[in-house]
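In what follows, chains carry the letters A, B, and so on, assigned in the order in which the sequence lines appear, proteins first and then strands, with residues in each chain numbered from 1.
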There are 2 protein chains.
Amino acid sequence: MAAMDDIDSAILEHLQRDARITNRDLARALGIAPSTCLERVRALRNRGVLTGYHATVDLAALNRRVQALVFLQIRPLSREVIESIKSYVAGLPEVLSVYVVAGGDDLVAHVAVQDVEQLHSMLMDRFSPRREVVTFRSSIIFQHVSEPVVSPLDDV
Amino acid sequence: MAAMDDIDSAILEHLQRDARITNRDLARALGIAPSTCLERVRALRNRGVLTGYHATVDLAALNRRVQALVFLQIRPLSREVIESIKSYVAGLPEVLSVYVVAGGDDLVAHVAVQDVEQLHSMLMDRFSPRREVVTFRSSIIFQHVSEPVVSPLDDV
DNA sequence: GCCCGCACCGAATCTCGTGCGGTGACTCGG
DNA sequence: CCGAGTCACCGCACGAGATTCGGTGCGGGC
């Protein structure tokens with residue numbers, strides 16, 4: 001993996017904050033020529049550093065006013081079973097994000113639904129019937145803050 | 001909140017998938033004129049439905065190869081204490097996301113650090129000293145899949 | 001000291017964004 | 001049934017931006 005200098009870091013910071021900034025403005029903010037800037041952004045994409053540009057949407061506007069974390073215990077804990085249940089959960093329309101974790105629980109799902117009733121239905125209809133899900137519990141999310149900008153950590 | 005029709009939903013889907021799509025291409029994909037498309041996108045922003053455009057970055061490229069969920073118990077559970085610890089945790093550079101939840105734990109932090117050693121240091125240096133954090137435990141994240149596109153849920 | 005590679009720049013061209021006036025459909029009162 | 005008002009949409013035109021390409025300076029290797 002090629003090294004990243006300060007300009008690359010600044011590019012990433014700007015694009016994480018506002019992915020629709022024009023190349024022109026980005027170049028101006030960095031003090032380099034637009035053509036150079038374009039080349040660097042393209043290189044970051046090709047290197048796999050920049051993985052995508054995504055709009056974020058207000059969940060309430062999408063009829064999803066209730067969020068929860070669902071913690072699942074999976075058995076047996078084989079690679080195949082984990083892969084399969086992970087794909088299944090991630091594919092559910094109510095699910096925003098899935099974590100495969102170590103510790104007391106094996107899977108954590110971040111879900112967003114219309115109301116608590118729908119949360120309950122979803123748990124009963126989609127999680128309970130699965131044999132590999134031996135148990136699960138849910139925590140309603142009161143607040144969720146997400147940092148849009150991730151900076152590189154310096155080597156020790 | 002104004003109603004959303006199929007075209008609005010399609011706009012949201014496209015922009016969530018690729019926030020840098022040109023207005024022209026977006027309009028073409030929807031079968032409407034670019035000027036109309038522009039107007040609708042602007043309306044979605046003004047209504048607060050579209051909240052932002054963000055580039056996503058490969059965490060490994062930023063020297064963050066280890067992720068974990070950290071579950072915190074907070075006492076006393078007053079509004080002020082929760083607000084304050086939430087802001088503190090969200091402001092830490094290692095933290096990607098913070099959930100304030102109901103249930104056995106009160107706060108869940110999604111952190112991304114360079115290695116397990118740094119995770120340990122972080123827990124010891126940043127969480128342990130806080131008086132309001134009565135206990136915490138961490139779960140290493142093996143995999144994390146995040147759905148980039150969120151669709152509206154139909155009313156029941 | 002010379003050569004080569006690399007990153008950067010500036011100009012030219014081509015595409016795109018965006019405001020404006022016009023137009024058709026739909027609604028509602030007469 | 002008809003006419004006016006409203007609203008979303010469209011096409012056009014102009015300004016702004018994206019992207020390419022040839023040129024340039026600098027630093028490392030020999």
Side-chain angles (χ1 to χ4, degrees), chain A residues 1-58 60-63 148-155, chain B residues 1-58 60-63 148-155:
Chain A
M1 179 147 313
M4 277 211 324
D5 59 14
D6 294 343
I7 295 186
D8 284 334
S9 297
I11 288 177
L12 294 183
E13 183 178 330
H14 277 91
L15 286 178
Q16 284 182 94
R17 213 177 292 283
D18 175 15
R20 299 214 67 161
I21 186 176
T22 66
N23 183 59
R24 213 181 172 75
D25 288 346
L26 181 57
R28 200 158 17 221
L30 303 175
I32 62 177
S35 47
T36 306
C37 184
L38 189 69
E39 202 172 343
R40 291 186 85 122
V41 171
R42 192 156 33 199
L44 287 169
R45 252 191 309 167
N46 288 340
R47 275 197 274 155
V49 178
L50 274 170
T51 54
Y53 305 102
H54 304 286
T56 53
V57 174
D58 178 36
L62 298 181
N63 255 319
V149 180
V150 183
S151 309
L153 292 178
D154 295 331
D155 285 315
Chain B
M1 179 147 312
M4 276 212 324
D5 59 12
D6 293 345
I7 295 186
D8 284 335
S9 297
I11 288 177
L12 293 183
E13 182 178 330
H14 276 91
L15 285 178
Q16 283 182 94
R17 214 178 292 283
D18 175 16
R20 299 214 64 162
I21 186 175
T22 66
N23 182 59
R24 215 179 171 77
D25 287 345
L26 181 56
R28 199 159 17 220
L30 303 176
I32 62 178
S35 48
T36 305
C37 184
L38 188 70
E39 202 173 342
R40 292 186 85 120
V41 171
R42 193 158 32 199
L44 287 170
R45 251 191 310 167
N46 288 340
R47 275 196 274 156
V49 178
L50 274 170
T51 55
Y53 306 101
H54 303 286
T56 53
V57 173
D58 179 37
L62 298 180
N63 255 318
V149 179
V150 183
S151 308
L153 290 181
D154 295 331
D155 284 316

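Partners of B:Asp25 according to the side chain to side chain donor-acceptor pair (under 3.5 Å) rule, which considers only residues two or more places apart in sequence or in another chain, are B:Thr22, B:Arg28. With sequence neighbours excluded, the residues satisfying side chain to side chain donor-acceptor pair (under 3.5 Å) with A:Glu13 are A:Arg17.
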Check: protein-nucleotides 6-8 of chain C nitrogen or oxygen pairs below 3.5 Å:
from: C:dC8; atom 1: OP1; to: A:Arg40; atom 2: NH1; distance (Å): 2.2
from: C:dC8; atom 1: OP2; to: A:Arg40; atom 2: NH1; distance (Å): 3.3

Write out a two-atom table: protein N or O, nucleotide N or O from nucleotides 19-25 of chain D, distance below 3.5 Å.
from: D:dT20; atom 1: OP2; to: A:Arg42; atom 2: NH1; distance (Å): 3.1

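Between A:Arg20 and A:Cys37, the one whose closest nucleotide on DNA chain C sits nearer the 5' end is A:Cys37.
Between B:Ala29 and B:His14, the shortest heavy-atom distance links the atoms CB-NE2, 3.8 Å. Annotation for B:Gly48 and A:Asp58: closest pair O-CB, 3.3 Å, computed over non-hydrogen atoms.
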Side-chain donor-acceptor pairs under 3.5 Å in residues 33-42 of chain B, sequence neighbours left out?
from: B:Arg40; atom 1: NE; to: B:Asp8; atom 2: OD1; distance (Å): 3.3
from: B:Arg40; atom 1: NH2; to: B:Asp5; atom 2: OD1; distance (Å): 2.7
from: B:Arg40; atom 1: NH2; to: B:Asp5; atom 2: OD2; distance (Å): 2.3

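Separation of atoms OG (A:Ser9) and CG (A:Leu44) is listed at 9.0 Å; rounding is to 0.5 Å. Taken from CZ in B:Arg20 to CG in B:Leu26, the straight-line distance is 14.5 Å, to the nearest 0.5 Å.
Atom CG of B:Asn46 has more than 12 neighbouring heavy atoms from other residues, nucleotides or ligands inside a 6.0 Å radius.
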Side chain to side chain contact (heavy atoms under 4.5 Å, CB included) for A:Leu12 and B:Val57? Distances and angles first, verdict last. CA-CA 8 Å; A:Leu12 294 183; B:Val57 173; 4.1 Å; yes
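Contacts between residues 9-16 of chain A and DNA chain D, counted as heavy-atom distances below 4.0 Å, involve no residue at all.
Between the CZ atom of B:Arg24 and the C1' atom of D:dG15 there is a distance of 14 Å, given to the nearest Å. In this entry the distance linking CD1 of A:Ile21 with C1' of D:dG17 reads 13 Å, nearest Å.
Test B:Asp18, B:Thr56, B:Val149 against A:His54 for side-chain contact (heavy atoms from CB on, under 4.5 Å) and you get one pass: B:Thr56.
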